[in-house]
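Reading through the structure tokens given below for one structure.
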Amino acid sequence: MEEIYELQADVCKIFANAKRLEIISILKDGETSANKLIEKTGLSKANLSQNMAVLKAKGVILTKREGVAIFYRIANPKIIQACHLMREVLTEQIQEKGRIVSILTNK
């Protein structure tokens with residue numbers, strides 16, 4: 001059982017990068033070319049390539065080559081669900097903190 005926690009921790013490390021989370025968010029809408037990802041994220045080609053190699057090595061994304069173009073997609077839709085759920089939790093925490101601050105400043 002401990003092995004699954006090690007694997008989970010290992011995968012979670014790759015999500016501790018804002019650009020990788022942005023890439024996953026872009027890919028939630030479907031397969032996207034490397035050029036589109038560069039355009040949308042502002043990453044250099046080399047930096048995008050490094051991030052995609054990490055995501056691919058952990059099985060988060062799949063790649064497809066068509067001529068000179070490379071296309072990326074999410075390997076499992078549950079990855080998108082997990083990221084969305086975490087954003088929901090964080091949004092709720094931010095809203096609650098804002099509510100508490102509002103209560104405290106109105107006293």
Side-chain angles (χ1 to χ4, degrees):
M1 188 64 157
E2 187 175 317
E3 184 179 341
I4 193 70
Y5 293 125
E6 291 295 329
L7 291 169
Q8 185 178 6
D10 197 36
V11 169
C12 285
K13 288 177 192 173
I14 66 167
F15 296 118
N17 178 292
K19 281 298 181 182
R20 288 187 201 131
L21 291 173
E22 181 181 0
I23 290 166
I24 290 167
S25 181
I26 293 167
L27 292 176
K28 79 180 182 322
D29 296 325
E31 188 175 83
T32 305
S33 70
N35 288 337
K36 282 282 186 201
L37 286 169
I38 289 168
E39 179 185 309
K40 290 181 177 185
T41 62
L43 291 171
S44 69
K45 186 176 181 178
N47 200 280
L48 177 71
S49 179
Q50 289 173 339
N51 281 293
M52 299 316 264
V54 170
L55 292 169
K56 185 177 179 184
K58 297 300 178 189
V60 174
I61 62 162
L62 300 172
T63 61
K64 174 177 78 173
R65 182 178 291 275
E66 289 184 7
V68 295
I70 299 174
F71 292 85
Y72 299 98
R73 65 182 168 93
I74 298 293
N76 184 323
K78 290 180 181 176
I79 292 166
I80 295 166
Q81 292 172 338
C83 289
H84 181 73
L85 183 60
M86 190 70 216
R87 273 193 308 278
E88 282 182 355
V89 168
L90 294 170
T91 300
E92 289 171 7
Q93 287 178 345
I94 290 167
Q95 289 170 343
E96 181 61 22
K97 286 178 184 176
R99 190 182 69 75
I100 291 170
V101 169
S102 177
I103 291 168
L104 294 174
T105 56
N106 289 328
K107 285 188 174 188

Would you indicate whether [X], at its atom [atom1], is surrounded by more than 12 heavy atoms from other residues, nucleotides or ligands within a distance under 6.0 Å?
X   : atom1 : result
Q93 : CD    : yes
I4  : CD1   : no
E3  : CD    : no

Separation between [atom1] of [X] and [atom2] of [Y], rounded to the nearest 0.5 Å:
X    : Y   : atom1 : atom2 : value
Q50  : L55 : CD    : CG    : 12.0 Å
C12  : K58 : SG    : NZ    : 11.5 Å
I100 : K97 : CD1   : NZ    : 9.0 Å
R20  : L43 : CZ    : CG    : 10.5 Å
T32  : R73 : OG1   : CZ    : 12.0 Å
K19  : I24 : NZ    : CD1   : 13.5 Å

Ignoring hydrogens, what is the shortest heavy-atom contact between [X] and [Y]? Give both atom names and the distance.
X   : Y   : result
G59 : A75 : O-CB, 3.2 Å
Y72 : L27 : O-CD2, 3.5 Å
F15 : L21 : O-CD1, 3.4 Å
E31 : K64 : OE1-NZ, 3.0 Å

Do [X] and [Y] have side chains that get closer than 4.5 Å, going by heavy atoms?
X   : Y   : value
L37 : M52 : yes
E6  : D10 : no
L48 : I23 : yes
I38 : K45 : yes

Side-chain (T105) to main-chain (I103) donor-acceptor, under 3.5 angstrom: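 No, because the side chain of T105 does not come within donor-acceptor range (under 3.5 Å) of the backbone of I103.
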Qualifying residue, where the test is side-chain contact (heavy atoms from CB on, under 4.5 Å) with N51 and the options are N17, I14, T41, I61: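 When N17, I14, T41, I61 are each tested with N51, the side-chain contact (heavy atoms from CB on, under 4.5 Å) holds only for N17.
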Quick one: do I26 and M86 end up in the same hydrophobic cluster if we chain Ile, Leu, Val, Met, Phe, Trp and Tyr together by side-chain heavy atoms under 4.5 Å apart?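 They do not share one cluster, since no chain of ILVMFWY contacts under 4.5 Å joins I26 to M86.
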In the single-linkage hydrophobic clustering (I, L, V, M, F, W, Y; side-chain heavy atoms under 4.5 Å), do I74 and V11 co-cluster? yes
